[in-house]
Amino acid sequence: MSSDKTIGEVIAEAREEKNLSQRQLAKLAGINSSGLSKIEAGERDPSPKILRKISKYIDVNYNDLMYKMGLGIEAVSYTHLRAHETLRH
């Protein structure tokens, strides 16, 4: 997953690779097509619940998408991890 792409661009590209229209993916994910259009255009961020549904249908790892939004486990700082590790010893 390229780091220079927005979450919406990643979703749109993966959706197109799966030959799904916005309307089809929106229906599968349980949202309206205008909502998906706004997500793909970067005008709105998907909720984690919607993102999980979308990821399932476009075959993109949910955690990778969460990371792309700055919410995944990889987004935890190295300093925080080192502090936690130090506390355990």
Side-chain angles (χ1 to χ4, degrees):
M1 181 178 314
S2 175
S3 62
D4 59 336
K5 291 182 183 175
T6 67
I7 186 74
E9 290 170 332
V10 170
I11 291 170
E13 186 176 286
R15 174 183 57 75
E16 291 168 359
E17 287 176 8
K18 298 297 283 180
N19 293 314
L20 291 170
S21 68
Q22 280 186 339
R23 184 180 301 264
Q24 289 169 320
L25 180 56
K27 184 176 180 177
L28 290 168
I31 60 175
N32 61 44
S33 55
S34 68
L36 180 59
S37 177
K38 288 179 181 183
I39 291 168
E40 290 186 358
E43 297 171 9
R44 172 180 155 196
D45 285 332
S47 70
K49 181 179 177 181
I50 294 300
L51 194 60
R52 183 173 295 281
K53 290 180 180 181
I54 289 171
S55 72
K56 175 182 173 182
Y57 295 108
I58 61 173
D59 291 331
V60 174
N61 183 282
Y62 170 73
N63 290 325
D64 289 346
L65 292 176
M66 290 294 287
Y67 174 70
K68 189 75 171 160
M69 287 180 54
L71 300 173
I73 190 149
E74 295 89 347
V76 176
S77 73
Y78 176 77
T79 304
H80 176 80
L81 290 174
R82 290 292 299 159
H84 181 1
E85 186 176 340
T86 303
L87 292 173
R88 291 191 333 193
H89 293 287

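Since this is a predicted model, take the numbers as computed values, not measurements.
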* Structure fact -> In terms of heavy-atom contacts, N63 and N61 come closest through N-OD1, 2.7 Å
* **Validation row: L28, K53 side chains within 4.5 angstrom (heavy atoms)** => no
* Asked: When rounded to the nearest 0.5 angstrom, what is the spacing between CG in L51 and CG in L65?
  -> 4.5 Å
* To do: Answer yes or no: is there a side-chain heavy-atom contact under 4.5 Å between I58 and I54?
  => yes
* Asked: Given the rule in the side-chain contact (heavy atoms from CB on, under 4.5 Å) test, do Q24 and R15 qualify, once you have shown the distances and angles that lead to the verdict?
  -> CA-CA 10 Å; Q24 289 169 320; R15 174 183 57 75; over 6 Å; no
* Asked: CG of L36 to CD1 of I31: how many Å apart, nearest 0.5 Å?
  -> 5.0 Å
* For K38, does its backbone N or O pair with a side-chain atom of R44 as donor and acceptor, under 3.5 Å? -> no
* To do: Give, for atom CG of D59 and atom NZ of K56, the distance between the pair rounded to the nearest 0.5 Å.
  => 11.0 Å
* May I ask you to test the I11-V60 pair for a side-chain heavy-atom distance under 4.5 Å? => no
* Structure fact -> Of all heavy-atom pairs linking S55 and Y62, the shortest is OG-CB, 3.6 Å
* Spacing of OG belonging to S37 relative to CD belonging to Q22, to within rounding of 0.5 Å -> 4.5 Å
* Under a 4.5 Å cut-off applied to non-hydrogen side-chain atoms, are D45 and I39 in contact? -> no
* Asked: Is the shortest heavy-atom distance from the side chain of M66 to the side chain of R52 under 4.5 Å?
  -> no
* Asked: Shortest non-hydrogen contact from D4 to K68?
  -> N-NZ, 4.1 Å
* To do: Report yes if the side chains of M69 and P46 come closer than 4.5 Å at any heavy-atom pair, otherwise no.
  => yes
* Asked: Between E9 (side chain) and T6 (backbone), is there a donor-acceptor pair under 3.5 Å?
  -> yes
